[in-house]
Protein chains: 4
Amino acid sequence: MVERLETAGVHAKVMPGELTTAIGAIGDPEGVRALALEGMPGVDQVIPISRPYKLASSELSHHEPTKFNVDGHTVGGGRTFCLIAGPCTVESREQTLAVADVVSRGGASMMRGGAFKPRTSPFSFQGLGTAALEILKEARERSGLPVVSELTDTVNAEAMAEAVDVLQVGARNMQNYGLLEVVGKLGRPVLLKRGLSSTVDELLMAADYVLKEGNERVILCERGIRTFETATRFTLDLGAVPYLKLHTHLPVIVDPSHAAGDRRLVEPLSRAAAAVGADGIIVEVAEDPEAALCDGPQQLYARDFERFAHGVAAHAALAGKQLA
Amino acid sequence: MVERLETAGVHAKVMPGELTTAIGAIGDPEGVRALALEGMPGVDQVIPISRPYKLASSELSHHEPTKFNVDGHTVGGGRTFCLIAGPCTVESREQTLAVADVVSRGGASMMRGGAFKPRTSPFSFQGLGTAALEILKEARERSGLPVVSELTDTVNAEAMAEAVDVLQVGARNMQNYGLLEVVGKLGRPVLLKRGLSSTVDELLMAADYVLKEGNERVILCERGIRTFETATRFTLDLGAVPYLKLHTHLPVIVDPSHAAGDRRLVEPLSRAAAAVGADGIIVEVAEDPEAALCDGPQQLYARDFERFAHGVAAHAALAGKQLA
Amino acid sequence: MVERLETAGVHAKVMPGELTTAIGAIGDPEGVRALALEGMPGVDQVIPISRPYKLASSELSHHEPTKFNVDGHTVGGGRTFCLIAGPCTVESREQTLAVADVVSRGGASMMRGGAFKPRTSPFSFQGLGTAALEILKEARERSGLPVVSELTDTVNAEAMAEAVDVLQVGARNMQNYGLLEVVGKLGRPVLLKRGLSSTVDELLMAADYVLKEGNERVILCERGIRTFETATRFTLDLGAVPYLKLHTHLPVIVDPSHAAGDRRLVEPLSRAAAAVGADGIIVEVAEDPEAALCDGPQQLYARDFERFAHGVAAHAALAGKQLA
Amino acid sequence: MVERLETAGVHAKVMPGELTTAIGAIGDPEGVRALALEGMPGVDQVIPISRPYKLASSELSHHEPTKFNVDGHTVGGGRTFCLIAGPCTVESREQTLAVADVVSRGGASMMRGGAFKPRTSPFSFQGLGTAALEILKEARERSGLPVVSELTDTVNAEAMAEAVDVLQVGARNMQNYGLLEVVGKLGRPVLLKRGLSSTVDELLMAADYVLKEGNERVILCERGIRTFETATRFTLDLGAVPYLKLHTHLPVIVDPSHAAGDRRLVEPLSRAAAAVGADGIIVEVAEDPEAALCDGPQQLYARDFERFAHGVAAHAALAGKQLA
């Protein structure tokens, strides 16, 4: 075994125990994995020790948390809280501009709005597509807020990059590697959502796909994971936020709307996200959620937004952060 | 099918659809379940509509959240935040009294300390047992703080009820129905931890076991659930707190120590628990965690406790609650 | 509430209970969902009764299970067992042709081999790409076996459709809707793998994306789901096979290699897949797994393949199926 | 760090890497855990290498799989398949004796029947209790089959040990350590069910609790784990069977009834359990499941039992096992 490891350029250190012998392998983890030692006669298990992500790791060159500017709003760095709000989906010009006004007045840092919607069933509403991009441009101009929207297909990459300020990669696409490389090359800030059954280590490896293209402006987003519990739509993993803060230099925000699936839970979870040390949140707001074509039950009432933003900002302030 | 339902005293309402026919069954859910209709020819699925817990439900007679007094400290009711702190396990008189002094000075509402420890491996340290109870009594007298400790076996029920103020039922025993009935009969306040793979509905049904014995002083505790994510020991389900607030009248607290398994995450998660609207938290504190016989890595340093308590209390204050 | 439902063209039937009132809504489920009733004052929960998939459902027009022919090998229909085997990844002409010979002699129905590999880390080997397609064509010609290979990006759709007989959509892309529509339009048979955290209902909805383009030749594949258990790489959900058999007309196969991640478990799980009623399996085979660039530990030894195939076929025969 | 390890009697081997330094710690794992190194300044993570169970491990003295005799029926050892069948719950003398006749004629190795039933809701039927034990004794005498029944509370330990041949510890009690020690001391064969969210390693640690009392007659039982999938009641983890076979000398059986929750899935899963290499299965059978007071939908029809047993036995035969 030691010979095999040495020929792969890995240094092996033998540690005999009472029942089993451990062998420490020092060198390139990919090289060790390629040896496929697990399952060989005499090998019980291969346990990776080094962390599998590289560029996203805080162990590397980065001594400071990553911080960048999106049209005058600072993301990351530990002193600002980025409040992103807007409708789930752009459904019409009137609806979008009305919400833009509300969130802008309420102190939001950026505006969100879906143009292309990935839907579990092919028979559900899929978004307005490119028509929505024009509406988002107008909303940006009017409100002065940078716009976040989801890119679901590389086909729309250029059009999206031209129309929006932050490209969102959704939970379902966190491991769509072709898409990750495209957004890495476009150079726009990227909001990367955690897959609904992805570990935080996998989230960081997905960030590596964007970072290795030279694009360092990546925002990680915890949005709830799939567990056995069905009381809430997903289980918001707020413990992932301080964990990520220990292990990566990238900013981390939270999406409580999709996790909860119920607006009555969105405000408490938004406050908790601020308290746990997140760099921001992204929430859905609508004037008339009952009329929304998508995800109505989880959207905050526009009339409540100012009070909501005020409450969240108070918790962020206790964590040392001002609204971006 | 309708006949079958009617003979069981259930009223059936037929709703024919395009492909399948739905039948609404109105009456006792247990009665319908007993009919075992699922799997009968022509029956595709049986979907329960009414919630399976009864006494713990906020739908019933309770118009106000349950509130009670433990030796001068109010639990529940929405105006107080119950900070429970202490060592994981009572290891010696000196260690326990020293931590009692620290948490008492820091503003804790109650003190925790394990006498009997359930351990996954039979070769791990199992606690001091009854000897620990004497030490806890002394700590209570000296600090003036009520004491919380876990009951793991009905054999020790009397001794525990005499020595401690709040009986904890641990996550592994949440569905140990014999134990639940015993603590229901003892009449002492009960801290009931959610099982690590129990739904919140099952937690409420477990509470029903205690409540039906006439003991209304039950505190529910979210302590992390088991998911695919291994970055943290368990996934703290903070969304369960506002969900429970909507559906039960019982007070709800959070245990961030066991969920995190890493003290660096305990403070952010404690602040988040206060922000999300919990009625309190229970945390582990030690003077020298590196020397602890159990769960050292998750225990807060005693020297940090006062600052910690101050930070958590600030978030609780934003949620309208003062330290109990 | 009833009014609201009626205006949406949904017929409402009111069923008053002791504590809550149930309302049966009969009509288009999308229409009800669009109303966003959950979270409205007075509404506790909205519970969907009808199944969310349509074209994949066995409730619809299909009275017989779907059956189709891939180059002389029958898939589906309940009398044949489809044994798909080959290397994880095409690494070279020699390696691929050698394995093709082995699996062809051993009685395989089709051959598998990866050209484009989706990898969690951007620093892992990603496959030979289009060069692999030429090698697969040669292997097909020589062995006479149809070839299955994964399409990871719509960019390669045409080249893949020309080179391979069955297009695989991998677990990570099960909800990549753009990709699903493209394979739907290409008209080639599709092997659709269940996402690692997708429910079987979601798998059937993903199949709907392909079916609605008019492509009825879809093979579903259970390949293990992500759970808390880490002893095996994924948890192979064999119960999903008979469940799917009850609810869809599409053929269902099993991939035990990726679920197990350890070749010692692949043979027992393959036999179990045949016994549980699957229409086939897909397994990885290598001459020298220790030298494989990807997933070596889970690949069967080529020298064991004939014995392996014989054992699996015996269990399939008990379930009434002959090798396709 | 090295000093700290050495003072705990652990030998430390330092392996410096590019970014981090690994330290191999050779010695007692409990000793290392007690040091609570995780979370100390400079320590990123502590990764246990040795397996946490001891007596249940196949690494230890045992060179042969454990095999024992229950009233003439061999359990374990690899040549026999133990078919345990009977009603979910003893509801009456007539019902129990009728099912005993059916399963005895059908070739069952043992009979099951619940006397004390743990129920999630306190308002569900809890079993006949000690009255059921008398009925089980009569059924044993008449059918000649050994009887398996669940012990839920140490209070009933003596009465149960006197009345039944194999004491079952249910999934909810897998970590009820007081109960495990009691069944260890009673010396009766024990059927230990895996907790619904317990890892297989935890199952083996639970077995250690029984084994350390000197009772070596332990049968492990996979019965489905809790996952995000709700199509089946639990997810039957058949991969756990060959995994356990690699790591423990104890016999392993499967309970497909509770996992499936639907009788239409029980037969295919029973066949799969035999094919995957299990040492037996335990299934529920009823003459009139629709009238059963508990778990009706998952019970096999008595009239189908003989055909069912024949089919399962055929798969077991392919795995080299005859009905015990």
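Just so we're on the same page: letters track the sequence lines, and every chain starts at 1.
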Supply the atom-to-atom distance C:Arg172 CZ to A:Asn173 CG, rounded to the nearest 0.5 angstrom.
->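 One finds 13.0 Å between CZ of C:Arg172 and CG of A:Asn173.
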Can you tell me how far the OG1 atom of C:Thr227 sits from the CZ atom of A:Arg226, to the nearest 0.5 Å?
->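 The distance works out to 14.0 Å.
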Pairing residues for A:Ser149 by the side chain to side chain contact (heavy atoms under 4.5 Å, CB included) criterion, not counting sequence neighbours =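 For A:Ser149, the residues satisfying side chain to side chain contact (heavy atoms under 4.5 Å, CB included) (neighbours in sequence not counted) are A:Ala115, A:Leu136, A:Met160, A:Val164.
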By ring-ring contact (aromatic ring centres under 6.0 Å, His included), which residues pair with A:Tyr243, not counting sequence neighbours?
->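 Counting only residues at least two positions away or on another chain, A:Tyr243 forms a ring-ring contact (aromatic ring centres under 6.0 Å, His included) with A:His247.
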State, to 0.1 Å, how close C:Asp153 and A:Gly178 come at their nearest heavy-atom pair, and which atoms those are.
->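 Scanning both residues, the minimum pair turns out to be OD2-CA, 4.0 Å.
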